[in-house]
Amino acid sequence: MTALVAVAALFACGAALAQDKSGFPIITGEHWINATDGERLAFIAGLTTMVELEKEVQGDNLPPVQKSLIPSWVRGLSRYTLKEIVAAMDKAFAKKPELKSKPVVEVLWYEVAIPETPAK
């Protein structure tokens with residue numbers, strides 16, 4: 001529950017959030033950069049909890065990789081602790097300031113989860 005409160009605070013920080021077609025707020029690098037350490041950690045904890053929940057629901061009957069990103073998320077992020085993911089994201093935004101306009105989940109995918117993930 002604390003993670004949800006911190007994520008809600010992240011939503012409230014900075015400029016108004018853009019929304020995608022589903023109506024969900026899009027957290028961008030700008031929000032990430034302006035968030036507190038606790039808010040960043042809460043965002044990552046929430047995201048990884050959702051990935052783990054989906055992995056649990058799928059069980060042993062995982063759909064093919066092209067139909068689910070869950071196996072790739074798990075392979076890409078399981079080698080990190082939550083704090084290491086936050087640090088990797090901070091490093092990505094520091095190294096490439098142009099990423100601040102991108103959705104955080106996109107930066108997490110392309111800059112952290114996928115680059116060092118062995119292909120399967």
Side-chain angles (χ1 to χ4, degrees):
M1 197 62 163
T2 303
L4 293 176
V5 172
V7 170
L10 178 62
F11 288 159
C13 77
L17 296 172
Q19 290 193 337
D20 68 9
K21 293 177 186 167
S22 68
F24 287 115
I26 299 172
I27 307 299
T28 67
E30 189 72 39
H31 298 107
W32 181 271
I33 291 165
N34 291 316
T36 66
D37 291 342
E39 290 166 340
R40 292 175 187 163
L41 187 59
F43 180 87
I44 296 301
L47 185 137
T48 57
T49 298
M50 292 302 299
V51 168
E52 189 59 36
L53 175 64
E54 183 62 23
K55 179 182 159 203
E56 186 68 28
V57 168
Q58 290 177 359
D60 294 333
N61 301 317
L62 288 173
V65 172
Q66 64 270 27
K67 292 189 178 190
S68 176
L69 294 175
I70 297 303
S72 296
W73 276 115
V74 171
R75 276 195 314 277
L77 296 179
S78 63
R79 65 182 175 273
Y80 297 106
T81 66
L82 296 180
K83 288 183 179 181
E84 289 170 340
I85 295 170
V86 171
M89 289 292 288
D90 290 344
K91 184 178 174 182
F93 285 116
K95 187 176 175 181
K96 299 179 181 178
E98 66 275 13
L99 294 176
K100 71 181 182 180
S101 65
K102 301 286 185 187
V104 169
V105 70
E106 181 179 326
V107 175
L108 180 61
W109 179 259
Y110 288 110
E111 300 295 324
V112 179
I114 296 306
E116 296 179 31
T117 302
K120 269 197 171 182

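We count residues from 1, following the sequence as given.
Taking the side-chain hydrogen bond (donor to acceptor under 3.5 Å, both in side chains) definition, one finds that Lys100 meets it with nothing, sequence neighbours left out. For Lys91, the side chain to side chain contact (heavy atoms under 4.5 Å, CB included) criterion is met by no residue, not counting sequence neighbours.
Taking both residues in full, the closest heavy atoms of Thr81 and Glu84 are given as N-OE1, 2.8 Å, listed atom of the first, atom of the second, then distance. Taking each heavy atom of Gly29 and Val104 in turn, the nearest pair found is N-CG2, 3.9 Å. Among all heavy-atom pairs drawn from Leu99 and Phe93, the shortest one is O-CE2, 3.5 Å. When all heavy atoms of Val112 and Arg79 are compared, the closest pair comes out as O-NH2, 3.4 Å.
Here the CG atom belonging to Leu77 is positioned 8.0 Å from the CD1 atom belonging to Ile114, to the nearest 0.5 angstrom. Note: Leu41 CG to Glu39 CD = 11.0 Å, rounded to the nearest 0.5 Å.
Annotation: side chain of Val86 is not in contact with side chain of Tyr80 (no heavy-atom distance under 4.5 Å). Counting heavy atoms from C-beta on, the side chains of Leu108 and Ile85 come closer than 4.5 Å.
Panel note: side chain Arg40, backbone Lys83; no donor-acceptor pair is recorded below 3.5 Å.
In this structure, Glu56 places its CD atom where only 12 or fewer heavy-atom neighbours from other residues, nucleotides or ligands lie under 6.0 Å away.
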Name each donor-acceptor pair under 3.5 Å that joins a side chain in residues 43-52 to protein atoms two or more places apart or in another chain, with its distance.
unit_1 : atom_1 : unit_2 : atom_2 : d
Thr48  : OG1    : Ile44  : O      : 2.9
Thr48  : OG1    : Ala45  : O      : 3.2
Thr49  : OG1    : Ala45  : O      : 2.6

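Among pairs with a residue in residues 101-114, those fulfilling side chain to side chain donor-acceptor pair (under 3.5 Å) read Lys96-Glu111, at least two apart in sequence or across chains.
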